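All figures in this text were calculated on a predicted structure; none of them were measured in a lab.
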Amino acid sequence: MSDESPAERAAFLREELNRHNRLYYVEARTEISDQEFDALLRELQEIETAHPELITPDSPTQRVGGAPIEGFTQIRHSVRMMSLDNTYSEEEMTAFFARVQKGLGREKVACVVEPKVDGVAISIRYEDGQLKHAVTRGDGTVGDDVTSNVKTIRRLPLKLPTSSPQTFEVRGEVFMTKEGFAKLNDERDEAGEARFANPRNATAGTLKQLDSRIAARRPLDIVFYGLASAEGINVESQSEVHQLLDDAGLRKADLVWRTDSAEGILEAIRDLDSKRKSLPYETDGAVVKVDAFGDQRELGETSKAPRWAIAYKYQAEQAITQLLSVDIQVGRTGALTPVARLTPVFLSGSTVSNATLHNFEEIARKDIRIGDTVVIEKAGEIIPAVVMVKKEMRTGTEAPVPVPTACPVCQTEVRKDEEQVVLRCPNPQCPEQVKRRMEHFVSRGAMDLRGLGESVVAQLVDLGLVKSVSDLYQLDELTLTRLERQGTKSIQNILKAIEDSKKQDPWRLLFGLGILH
């Protein structure tokens with residue numbers, strides 16, 4: 001090692017680290033421990049720090065994220081990114097296949113069935129074996145260049161193996177694994193930050209981070225499903241796309257079915273439904289594609305979707321439980337939202353004890369009463385909602401849900417919104433409204449005041465230390481010592497975040513103020 005030049009050592013380390021990444025993420029095996037891998041990575045970082053000219057685009061160090069950028073540039077897709085038509089019934093799926101048969105003039109048509117990953121669509125281009133750029137769907141024609149954030153995904157090769165085709169553009173989904181998302185939310189709980197609502201939203205927000213160092217700390221992953229373009233290679237079917245992905249070390253769908261009949265498609269969809277809970281990522285359906293590209297070209301497309309593919313959406317999982325009581329939540333604009341408190345029940349991978357009732361007109365329309373046996377489901381398999389009442393199970397002891405005439409927090413008389421169906425508390429100083437406005441103002445998408453999570457905001461309002469967002473900028477170290485569980489370092493971090501927020505772009509301030517309409 002002592003005889004090697006920095007350039008030679010850096011080249012060796014890059015090759016070794018990339019090889020170990022491929023072993024771990026593509027071949028599911030390892031030769032060294034995590035500690036040994038990290039030691040090699042640190043050594044490469046030290047060499048590149050001392051010799052910046054040795055940094056290459058495919059260096060594993062590029063996955064740790066770089067300094068914040070001003071904003072995203074836009075890139076035009078070489079081939080338009082289209083959306084898929086959806087179907088929710090087996091009858092409609094059979095009708096789709098019948099249209100394919102008629103369009104091609106034959107009974108047997110080879111098709112591929114894959115899981116529909118609930119992530120964020122991405123288009124990635126490799127040129128001469130190097131990752132050139134990663135672009136979001138955008139409007140289908142033009143998307144945002146999120147290359148710096150996508151590079152932080154360890155499974156994604158920054159340089160292709162020499163045995164693989166070297167120039168092509170592939171389409172896929174960026175996602176967070178179920179396990180990674182749960183761990184991320186646990187970490188946010190410990191830091192006093194708001195939990196993410198679901199993996200897809202967390203993924204979308206992470207890809208839009210201007211600071212790729214944040215993306216590097218999030219559990220992003222990727223899976224590929226399609227080919228947009230390729231140079232110097234002959235790929236004529238979806239099955240051959242799968243082989244291309246394997247050769248390039250790019251992850252494809254974990255489960256794939258091939259069939260040539262409507263009955264085979266339905267069997268694959270049912271089989272996937274029984275197995276998809278075991279997949280590491282969230283899925284909300286199956287994608288059915290005609291296999292041969294020649295057949296795809298013959299079938300063509302509409303103005304927004306191909307005629308040769310369709311997404312089958314699974315019905316949301318439901319559960320039956322009892323509605324014990326109804327609480328009223330006050331939002332930052334004063335809107336009163338009824339929330340059902342339920343007998344805890346397991347649904348779609350988690351225990352549910354609360355569900356939204358949307359508004360009081362919805363309660364009246366569905367005739368929901370306290371004590372009712374209700375059917376709940378996760379809308380989009382994420383947000384629990386009461387969808388119907390099992391009226392045949394009523395005993396006569398059920399009670400109507402009272403419509404509030406006063407705010408449950410500040411007791412101000414409520415008003416009916418003339419333009420919407422919601423009731424509102426008109427008191428802008430209502431403590432609950434102040435908390436919600438403050439949480440919105442400090443959130444990542446607004447002024448991004450890190451360290452000011454829900455618990456800290458609640459204390460600031462309850463102690464009367466802040467009554468509006470402007471009061472945040474009057475806080476000092478002595479005032480913040482009145483908060484519980486806030487040491488010197490935490491207080492300094494809060495004060496620094498407040499000071500840093502003064503440099504945020506004006507649009508963040510405007511959005512953070514949360515002005516109605």
> Any chance the side chains of Arg171 and Ser123 put a donor and an acceptor closer than 3.5 Å?
Replying inline: yes

> With a 4.0 Å cut-off, would you call Asp367 and Arg369 a salt bridge?
Replying inline: yes

> Is there a donor-acceptor contact under 3.5 Å from the side chain of Arg508 to the main chain of Ala446?
Replying inline: yes

>> What I want to check is whether the side chains of Asp291 and Ser239 have a donor and an acceptor closer together than 3.5 Å.
In response: yes

> Is a salt bridge present between Lys416 and Glu361, judged by a nitrogen-to-oxygen distance below 4.0 Å?
Replying inline: yes

> Can you tell me if CD on Glu413 sees more than 12 non-hydrogen neighbours from other groups inside 6.0 Å?
Replying inline: no

> Can you list the residues that meet the salt bridge (charged side-chain N to carboxylate O under 4.0 Å, His left out) rule with Arg341, with sequence neighbours excluded?
Replying inline: Asp327

>> Salt bridge check, Arg154 against Asp221: does any charged N sit closer than 4.0 Å to a carboxylate O?
In response: no

>> To the closest 0.5 Å, what do you measure between CD (Gln329) and CG (Asn354)?
In response: 8.0 Å

>> Which heavy atom of Glu173 sits nearest to which heavy atom of Asp118, and what is that distance?
In response: OE1-C, 4.5 Å

> Roughly how far, to the nearest 0.5 Å, is OG of Ser490 from CG of Leu452?
Replying inline: 11.0 Å

> Just how far is it from atom SG of Cys111 to atom CG of Asp260, taken to the nearest 0.5 Å?
Replying inline: 8.0 Å

> Side chains of Asp254 and Tyr281: is there a donor and an acceptor less than 3.5 Å apart?
Replying inline: yes

>> For residues 320-342, which residue pairs pass the ring pair (Phe, Tyr, Trp, His ring centres under 6.0 Å) check, not counting sequence neighbours?
In response: none

> Taking the six-membered ring of Phe196 as reference, does the NZ or CZ atom of Arg188 fall below 6.0 Å from its centre and within a 45° cone about the axis?
Replying inline: yes

>> Please determine whether side-chain hydrogen bond (donor to acceptor under 3.5 Å, both in side chains) holds for the pair Glu301 and Gln296, giving the CA-CA distance in whole Å, both sets of side-chain angles, and the decisive distance to 0.1 Å.
In response: CA-CA 9 Å; Glu301 59 195 37; Gln296 292 181 9; over 6 Å; no

> Between Asp144 and Arg137, is the closest basic N to carboxylate O distance under 4.0 Å?
Replying inline: no

> Do any N or O atoms from the side chain of Tyr314 and from the backbone of Ile269 form a donor-acceptor pair under 3.5 angstrom?
Replying inline: yes

> Checking side chain to side chain contact (heavy atoms under 4.5 Å, CB included) against Ile376, which of Leu342, Leu323, Val387 comes through?
Replying inline: Leu342

> In terms of side-chain geometry, is the basic nitrogen of Glu392 or Arg394 positioned less than 4.0 Å from the acidic oxygen of its partner?
Replying inline: no

> Looking at CZ of Arg450 and CD1 of Ile214, how far apart are the two atoms once the value is rounded to the nearest 0.5 Å?
Replying inline: 3.5 Å

> If every non-hydrogen atom of Glu439 is compared with every non-hydrogen atom of Glu454, which pair is closest and at what distance?
Replying inline: OE2-CG, 3.6 Å

>> Run Arg332 and Lys435 through side-chain contact (heavy atoms from CB on, under 4.5 Å) and show every step you take.
In response: CA-CA 7 Å; Arg332 63 182 171 85; Lys435 289 177 185 176; over 6 Å; no

> Do the side-chain N and O atoms of Thr141 and Arg76 include a donor-acceptor pair separated by under 3.5 angstrom?
Replying inline: no

>> Keeping Gln459 on the side-chain end and Glu484 on the backbone end, is there a donor-acceptor pair under 3.5 Å?
In response: yes

> With sequence neighbours left out, what residues match Arg106 under salt bridge (charged side-chain N to carboxylate O under 4.0 Å, His left out)?
Replying inline: Asp295

> Can you tell me if CD on Glu187 sees more than 12 non-hydrogen neighbours from other groups inside 6.0 Å?
Replying inline: yes

> Who are the salt bridge (charged side-chain N to carboxylate O under 4.0 Å, His left out) partners of Arg365, not counting sequence neighbours?
Replying inline: Glu362

> Ignoring hydrogens and geometry, is there a side-chain-to-backbone donor-acceptor pair from Gln429 to Val434 under 3.5 Å?
Replying inline: no

> Should the heavy atoms of other residues, nucleotides or ligands under 6.0 Å from NZ of Lys183 be counted, would the total exceed 12?
Replying inline: no

>> I'd like to know if Glu282 and Arg276 make a salt bridge, using a cut-off of under 4.0 Å between side-chain N and carboxylate O.
In response: no

> What residues form a salt bridge (charged side-chain N to carboxylate O under 4.0 Å, His left out) with Arg297, not counting sequence neighbours?
Replying inline: Glu236

> With sequence neighbours excluded, what pairs up with Gln318 under the side chain to side chain donor-acceptor pair (under 3.5 Å) test?
Replying inline: Glu377

>> If the threshold is 4.0 Å, N to carboxylate O, is there a salt bridge linking Asp500 and Lys502?
In response: no

> If you measure from NZ on Lys102 to CG on Leu299, what distance do you get to the nearest 0.5 Å?
Replying inline: 12.5 Å

>> Using side-chain hydrogen bond (donor to acceptor under 3.5 Å, both in side chains), reason through Thr302 and Arg307 one step at a time and then give a plain yes or no.
In response: CA-CA 7 Å; Thr302 66; Arg307 292 191 177 95; over 6 Å; no

> Quick one: CZ on Phe96 to OG1 on Thr94, what's the gap to the nearest 0.5 Å?
Replying inline: 11.0 Å

>> Looking at Gly285, is its backbone amide N or carbonyl O close enough to the side chain of Thr283 to form a donor-acceptor pair, meaning the two atoms are under 3.5 Å apart?
In response: no

> Do Tyr473 and Ser501 meet the criterion of a side-chain donor-acceptor pair at a distance under 3.5 Å?
Replying inline: yes

